[in-house]
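None of these values were measured; they are calculated from a predicted model. Only this structure's heavy atoms are used, side chains among them; waters, hydrogens and symmetry mates stay out.
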Amino acid sequence: MTSTPPRPRAHKRTSVSIEVIVNGVLNHVEGRIVDLSEGGARIDGASLPERSRCEIHYAGQVVYAVVMWSEWDRMGVRFPYELTQGPLHAALERARGAAAIPATPVFLSNRAIGFGRRGVS
């Protein structure tokens, strides 16, 4: 029995922390997007049945999604229409821009080496 290797993802996932409202058929719950791309998201704190359709509300924008997997406290959703504009896409672009900025080196000490009691030979 041979297994096929997983397909590479079409979109780069980015770590984010975005509070959203998820509307299912009969209810709406608050959740937090923790992983986002143009093709989908992982939402913590919200869980709907696998293969169900939902709406994600953020900053006046509604994004439609299909639940691909679900656990008791989180779920993965796919966007049937690629995320290309609006507040959620802008938040994704901001997160990618922040991740691209290199960290500034932190100097642990400003003392000169070779001076003081122990530095003199």
Side-chain angles (χ1 to χ4, degrees):
M1 178 186 227
T2 60
S3 64
T4 59
R7 272 188 353 214
R9 292 187 178 269
H11 303 286
K12 181 180 181 269
R13 293 184 288 176
T14 302
S15 294
V16 296
S17 180
I18 302 171
E19 297 288 331
V20 296
I21 301 290
V22 180
N23 280 354
V25 175
L26 299 174
N27 61 353
H28 67 277
V29 293
E30 295 180 4
R32 178 186 304 268
I33 295 177
V34 296
D35 186 341
L36 181 62
S37 76
E38 288 87 351
R42 186 180 113 195
I43 304 173
D44 286 359
S47 182
L48 296 172
E50 195 172 311
R51 292 186 299 264
S52 62
R53 298 176 197 280
C54 62
E55 299 174 342
I56 299 169
H57 294 257
Y58 173 72
Q61 180 184 23
V62 177
V63 177
Y64 298 99
V66 177
V67 179
M68 301 306 291
W69 60 266
S70 182
E71 295 177 358
W72 70 274
D73 64 340
R74 60 187 175 168
M75 64 182 175
V77 299
R78 178 182 56 82
F79 304 139
Y81 305 104
E82 190 171 299
L83 190 63
T84 58
Q85 61 184 353
L88 197 54
H89 185 261
L92 173 61
E93 291 298 316
R94 281 192 304 274
R96 286 183 176 159
I101 298 171
T104 307
V106 176
F107 296 101
L108 299 177
S109 174
N110 290 334
R111 293 184 299 161
I113 308 264
F115 292 98
R117 268 191 346 216
R118 296 182 183 202
V120 178
S121 305

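Looking at V77 and V22, their side chains never come closer than 4.5 Å, going by heavy atoms from C-beta outward. The closest side-chain heavy-atom distance from R78 to W69 is not below 4.5 Å. The shortest side-chain heavy-atom distance between L92 and I18 does not fall under the 4.5 Å cut-off.
Within 6.0 Å of the CD atom in E30, the count of heavy atoms belonging to other residues, nucleotides or ligands does not exceed 12.
Remark: Q85 engages no residue in a side chain to side chain contact (heavy atoms under 4.5 Å, CB included) (not counting sequence neighbours). Here R96 pairs with T14, E38 under the side chain to side chain donor-acceptor pair (under 3.5 Å) rule; sequence neighbours left out. Listed by chain and residue number, R13, R42 satisfy the side chain to side chain contact (heavy atoms under 4.5 Å, CB included) test with D35 (two or more places apart in sequence, or in another chain). Not counting sequence neighbours, R94 has no partner by the side chain to side chain donor-acceptor pair (under 3.5 Å) test. Scored by the side chain to side chain contact (heavy atoms under 4.5 Å, CB included) test, S15 finds no partners at all (sequence neighbours excluded). Scored by the side chain to side chain contact (heavy atoms under 4.5 Å, CB included) test, P87 finds Y58, A59, Q61 as partners (sequence neighbours excluded).
The CD atom of E55 lies 5.5 Å from the CG atom of N23; values are rounded to the nearest 0.5 Å.
Across all non-hydrogen atoms, the minimal contact from G31 to A46 is CA-CB, 4.4 Å. In terms of heavy-atom proximity, G40 sits nearest to F79 at N-CD1, 3.4 Å. Closest non-hydrogen pair, A65 versus P80, comes out as CA-CD, 3.9 Å. When all heavy atoms of L48 and C54 are compared, the closest pair comes out as CD1-CB, 3.6 Å. The minimum heavy-atom distance between I56 and I43, with the atom names listed, is CD1-CD1, 3.7 Å. What you find for L83 and H89 is that their closest heavy atoms are O-CD2, 3.2 Å.
A donor-acceptor contact shorter than 3.5 Å is absent between the side chain of S70 and the backbone of E50. Here the side chain of S47 pairs no donor or acceptor atom with the backbone of D73 at under 3.5 angstrom.
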Trace of the side chain to side chain contact (heavy atoms under 4.5 Å, CB included) decision for I33 with L88: CA-CA 10 Å; I33 295 177; L88 197 54; 4.1 Å; yes
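There is no path of hydrophobic side-chain contacts, each under 4.5 Å, that joins V20 to V34.
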